Peer 1: 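After the C-alpha coordinates below, expect a handful of questions from me.
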Amino acid sequence: QSTVLCLFFVFLMNGDHRDLHRVDRRQRQMCKETAVILGGKTYRQVLGFGTWPYPGKTTYVVTTQPLQNPPDANIKTFAGDAADLVAQIRQTTDQDIWLVGGGQLVTAFADQHLIDEYIITIIPLILGDGIPLFQGAVSEERLQLTGSQSYANGLMQLLSLIHIPE
(Lines give C-alpha, C1' and ligand atoms only; values in the text may rest on other atoms or scores of the structure.)
Protein backbone atom coordinates (compact mmCIF):
# COMPACT_ATOMS: atom_id res chain seq x y z
CA GLN A 1 0.00 0.00 0.00
CA SER A 2 1.34 3.40 -0.91
CA THR A 3 1.61 6.05 1.74
CA VAL A 4 1.42 9.80 2.05
CA LEU A 5 4.36 10.54 4.33
CA CYS A 6 4.48 13.81 6.16
CA LEU A 7 7.76 15.31 7.29
CA PHE A 8 7.89 18.57 9.13
CA PHE A 9 10.14 20.30 11.57
CA VAL A 10 8.95 21.50 14.93
CA PHE A 11 11.38 24.44 15.09
CA LEU A 12 13.77 25.99 12.59
CA MET A 13 17.19 27.04 13.75
CA ASN A 14 18.19 30.65 13.19
CA GLY A 15 18.77 30.53 9.45
CA ASP A 16 21.10 27.48 9.47
CA HIS A 17 19.19 24.70 7.75
CA ARG A 18 22.10 22.44 6.75
CA ASP A 19 21.38 19.94 9.52
CA LEU A 20 17.71 19.80 8.54
CA HIS A 21 18.67 19.12 4.93
CA ARG A 22 20.87 16.18 5.96
CA VAL A 23 18.10 14.68 8.12
CA ASP A 24 15.54 15.16 5.32
CA ARG A 25 17.85 13.47 2.79
CA ARG A 26 18.35 10.48 5.11
CA GLN A 27 14.61 10.09 5.64
CA ARG A 28 13.88 10.31 1.92
CA GLN A 29 16.30 7.44 1.38
CA MET A 30 14.11 5.33 3.67
CA CYS A 31 11.04 5.70 1.49
CA LYS A 32 10.72 5.39 -2.26
CA GLU A 33 8.64 8.44 -2.95
CA THR A 34 7.95 9.36 -6.54
CA ALA A 35 6.29 12.69 -5.81
CA VAL A 36 6.99 15.49 -3.37
CA ILE A 37 4.52 18.09 -2.12
CA LEU A 38 5.87 21.31 -0.64
CA GLY A 39 4.15 24.38 0.72
CA GLY A 40 5.13 27.66 -0.90
CA LYS A 41 7.06 28.93 2.13
CA THR A 42 8.84 25.60 2.54
CA TYR A 43 9.75 25.62 -1.17
CA ARG A 44 11.37 29.05 -0.84
CA GLN A 45 13.21 27.87 2.27
CA VAL A 46 14.46 24.71 0.53
CA LEU A 47 15.84 26.84 -2.29
CA GLY A 48 18.19 28.32 0.32
CA PHE A 49 19.79 24.90 0.89
CA GLY A 50 21.76 25.36 -2.32
CA THR A 51 21.43 22.17 -4.35
CA TRP A 52 17.83 21.17 -5.09
CA PRO A 53 17.20 18.20 -2.75
CA TYR A 54 14.60 16.49 -4.96
CA PRO A 55 16.29 16.13 -8.36
CA GLY A 56 14.20 14.25 -10.90
CA LYS A 57 11.24 13.92 -8.53
CA THR A 58 7.90 15.32 -9.58
CA THR A 59 7.41 18.13 -7.08
CA TYR A 60 4.19 20.02 -6.48
CA VAL A 61 4.44 23.39 -4.76
CA VAL A 62 1.12 24.33 -3.19
CA THR A 63 0.91 28.03 -3.91
CA THR A 64 -1.05 30.61 -5.84
CA GLN A 65 2.16 32.47 -6.68
CA PRO A 66 4.17 31.81 -9.85
CA LEU A 67 7.60 30.26 -9.27
CA GLN A 68 10.59 32.28 -10.39
CA ASN A 69 13.21 30.14 -12.19
CA PRO A 70 12.49 26.74 -10.59
CA PRO A 71 15.71 24.70 -10.25
CA ASP A 72 14.21 21.52 -11.78
CA ALA A 73 11.93 20.91 -14.77
CA ASN A 74 9.80 18.55 -12.66
CA ILE A 75 8.54 21.31 -10.35
CA LYS A 76 4.87 22.24 -10.78
CA THR A 77 2.53 24.54 -8.92
CA PHE A 78 -0.81 23.50 -7.50
CA ALA A 79 -3.57 25.65 -6.04
CA GLY A 80 -6.56 23.62 -4.97
CA ASP A 81 -7.91 20.98 -2.63
CA ALA A 82 -5.43 18.59 -0.99
CA ALA A 83 -7.51 15.52 -1.91
CA ASP A 84 -7.56 16.63 -5.55
CA LEU A 85 -3.76 16.87 -5.55
CA VAL A 86 -3.35 13.38 -4.08
CA ALA A 87 -5.85 12.02 -6.63
CA GLN A 88 -3.92 13.73 -9.44
CA ILE A 89 -0.65 12.17 -8.26
CA ARG A 90 -2.33 8.76 -7.86
CA GLN A 91 -3.24 8.83 -11.56
CA THR A 92 0.47 8.49 -12.36
CA THR A 93 1.87 6.43 -9.46
CA ASP A 94 0.99 4.32 -6.47
CA GLN A 95 4.34 4.95 -4.77
CA ASP A 96 4.85 7.02 -1.62
CA ILE A 97 4.22 10.77 -1.64
CA TRP A 98 6.54 12.94 0.47
CA LEU A 99 4.73 15.91 2.07
CA VAL A 100 6.96 18.62 3.52
CA GLY A 101 5.42 21.77 4.88
CA GLY A 102 4.32 23.94 7.72
CA GLY A 103 1.22 23.85 9.87
CA GLN A 104 -1.20 25.23 7.30
CA LEU A 105 -0.28 22.72 4.59
CA VAL A 106 -0.11 19.76 6.98
CA THR A 107 -3.50 20.66 8.46
CA ALA A 108 -5.09 20.79 4.99
CA PHE A 109 -3.98 17.19 4.37
CA ALA A 110 -4.56 15.92 7.93
CA ASP A 111 -8.11 17.24 8.12
CA GLN A 112 -8.98 15.10 5.09
CA HIS A 113 -7.16 12.07 6.55
CA LEU A 114 -4.72 12.00 3.64
CA ILE A 115 -1.57 11.48 5.74
CA ASP A 116 -0.72 7.88 6.55
CA GLU A 117 2.53 8.46 8.40
CA TYR A 118 4.09 11.40 10.22
CA ILE A 119 7.82 12.00 10.60
CA ILE A 120 8.45 14.90 12.95
CA THR A 121 11.86 16.40 13.68
CA ILE A 122 12.34 18.15 17.01
CA ILE A 123 15.10 20.71 17.16
CA PRO A 124 16.42 21.56 20.63
CA LEU A 125 15.81 25.29 20.41
CA ILE A 126 13.18 27.16 22.37
CA LEU A 127 11.61 29.99 20.44
CA GLY A 128 9.48 32.66 22.01
CA ASP A 129 7.07 32.50 19.09
CA GLY A 130 6.66 30.51 15.92
CA ILE A 131 4.46 28.66 13.51
CA PRO A 132 2.09 26.15 15.13
CA LEU A 133 2.56 22.48 14.30
CA PHE A 134 -1.06 22.36 13.12
CA GLN A 135 -3.04 25.45 12.21
CA GLY A 136 -6.76 25.26 12.87
CA ALA A 137 -7.01 21.47 12.78
CA VAL A 138 -10.62 20.38 13.05
CA SER A 139 -10.18 16.65 13.52
CA GLU A 140 -8.54 14.62 16.26
CA GLU A 141 -6.24 11.81 15.18
CA ARG A 142 -4.78 9.11 17.41
CA LEU A 143 -1.18 8.21 16.58
CA GLN A 144 1.32 5.60 17.69
CA LEU A 145 5.08 6.12 17.85
CA THR A 146 6.87 3.25 16.11
CA GLY A 147 10.43 4.53 16.27
CA SER A 148 12.75 7.44 16.85
CA GLN A 149 16.22 8.57 15.86
CA SER A 150 18.51 10.99 17.66
CA TYR A 151 21.41 12.78 16.02
CA ALA A 152 24.74 14.00 17.43
CA ASN A 153 23.74 17.61 16.72
CA GLY A 154 20.77 17.29 19.12
CA LEU A 155 18.00 16.75 16.58
CA MET A 156 15.43 14.12 17.52
CA GLN A 157 13.23 12.54 14.92
CA LEU A 158 10.01 10.71 15.65
CA LEU A 159 10.30 8.27 12.79
CA SER A 160 6.90 6.75 12.29
CA LEU A 161 3.77 8.04 13.86
CA ILE A 162 0.92 6.01 12.42
CA HIS A 163 -2.84 6.01 12.76
CA ILE A 164 -4.34 4.01 15.60
CA PRO A 165 -7.69 2.57 14.51
CA GLU A 166 -10.61 3.65 16.70
Side-chain angles (χ1 to χ4, degrees), residues 1-62 82 85-86 89 93-166:
Q1 162 123 7
S2 59
T3 301
V4 176
L5 299 169
C6 175
L7 169 72
F8 54 101
F9 303 105
V10 175
F11 303 113
L12 293 176
M13 291 187 280
N14 302 320
D16 184 1
H17 307 294
R18 290 171 293 197
D19 289 333
L20 299 179
H21 180 46
R22 281 191 285 275
V23 170
D24 178 41
R25 185 175 2 162
R26 181 163 189 260
Q27 289 305 313
R28 285 185 292 111
Q29 291 169 352
M30 291 174 59
C31 77
K32 302 297 181 212
E33 85 285 349
T34 57
V36 178
I37 301 171
L38 297 171
K41 291 177 188 173
T42 302
Y43 168 76
R44 288 187 295 279
Q45 196 169 50
V46 167
L47 289 177
F49 291 163
T51 305
W52 179 243
Y54 310 106
K57 300 287 184 184
T58 302
T59 302
Y60 296 87
V61 180
V62 179
L85 177 54
V86 171
I89 295 169
T93 184
D94 64 354
Q95 297 295 310
D96 291 343
I97 300 170
W98 194 244
L99 173 65
V100 184
Q104 187 175 4
L105 181 70
V106 171
T107 299
F109 282 78
D111 278 347
Q112 295 187 53
H113 306 286
L114 297 170
I115 300 172
D116 299 310
E117 183 173 344
Y118 292 87
I119 301 170
I120 302 173
T121 302
I122 300 171
I123 300 168
L125 174 69
I126 297 175
L127 301 176
D129 196 11
I131 300 169
L133 201 53
F134 294 93
Q135 292 182 347
V138 294
S139 61
E140 182 178 300
E141 192 163 5
R142 299 181 67 77
L143 303 172
Q144 177 180 352
L145 179 65
T146 60
S148 63
Q149 173 73 44
S150 61
Y151 295 86
N153 60 7
L155 297 178
M156 170 59 89
Q157 195 155 60
L158 308 178
L159 292 177
S160 300
L161 291 165
I162 57 171
H163 298 279
I164 297 174
E166 301 256 346

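Small disclaimer: the values here were computed from a predicted structure and weren't measured.
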Peer 1: Please report whether the ring centroid of Tyr43 lies less than 6.0 Å from that of Trp52.
Peer 2: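 Distance test on ring centres: under 6.0 Å, yes.
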Peer 1: Quick one: closest heavy-atom pair of Met156 and Gln149, and the distance?
Peer 2: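 It is SD-O, 3.3 Å.
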Peer 1: Between Phe109 and Ile97, does the side-chain contact (heavy atoms from CB on, under 4.5 Å) criterion hold? Intermediate values first, please.
Peer 2: CA-CA 12 Å; Phe109 282 78; Ile97 300 170; over 6 Å; no
Peer 1: What heavy-atom pair brings Leu105 and Gly39 nearest, and what distance separates the two atoms?
Peer 2: CD2-N, 3.3 Å
Peer 1: Given Asp96 and Trp98, is the side-chain contact (heavy atoms from CB on, under 4.5 Å) satisfied, shown in steps?
Peer 2: CA-CA 7 Å; Asp96 291 343; Trp98 194 244; over 6 Å; no
Peer 1: Let me confirm one number: the CD-CD1 distance from Gln157 to Ile119, rounded to the nearest 0.5 Å.
Peer 2: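 Here the interatomic distance stands at 6.5 Å.
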Peer 1: Which atom names give the shortest non-hydrogen contact between Ala82 and Ala108, and what distance separates them?
Peer 2: CB-O, 3.9 Å
Peer 1: Please round to the nearest 0.5 Å and tell me the distance separating atom OH of Tyr118 and atom CG of Leu158.
Peer 2: 13.0 Å
Peer 1: Can you tell me how far the CD atom of Gln45 sits from the CG atom of Leu38, to the nearest 0.5 Å?
Peer 2: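 The CD atom of Gln45 sits 10.5 Å away from the CG atom of Leu38.
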Peer 1: Measure the spacing between OG1 of Thr42 and CD1 of Ile37 and express it to the nearest 0.5 Å.
Peer 2: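 Here the rounded value is 12.0 Å.
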Peer 1: Is the closest side-chain heavy-atom distance between Pro53 and Val46 below 4.5 Å?
Peer 2: yes
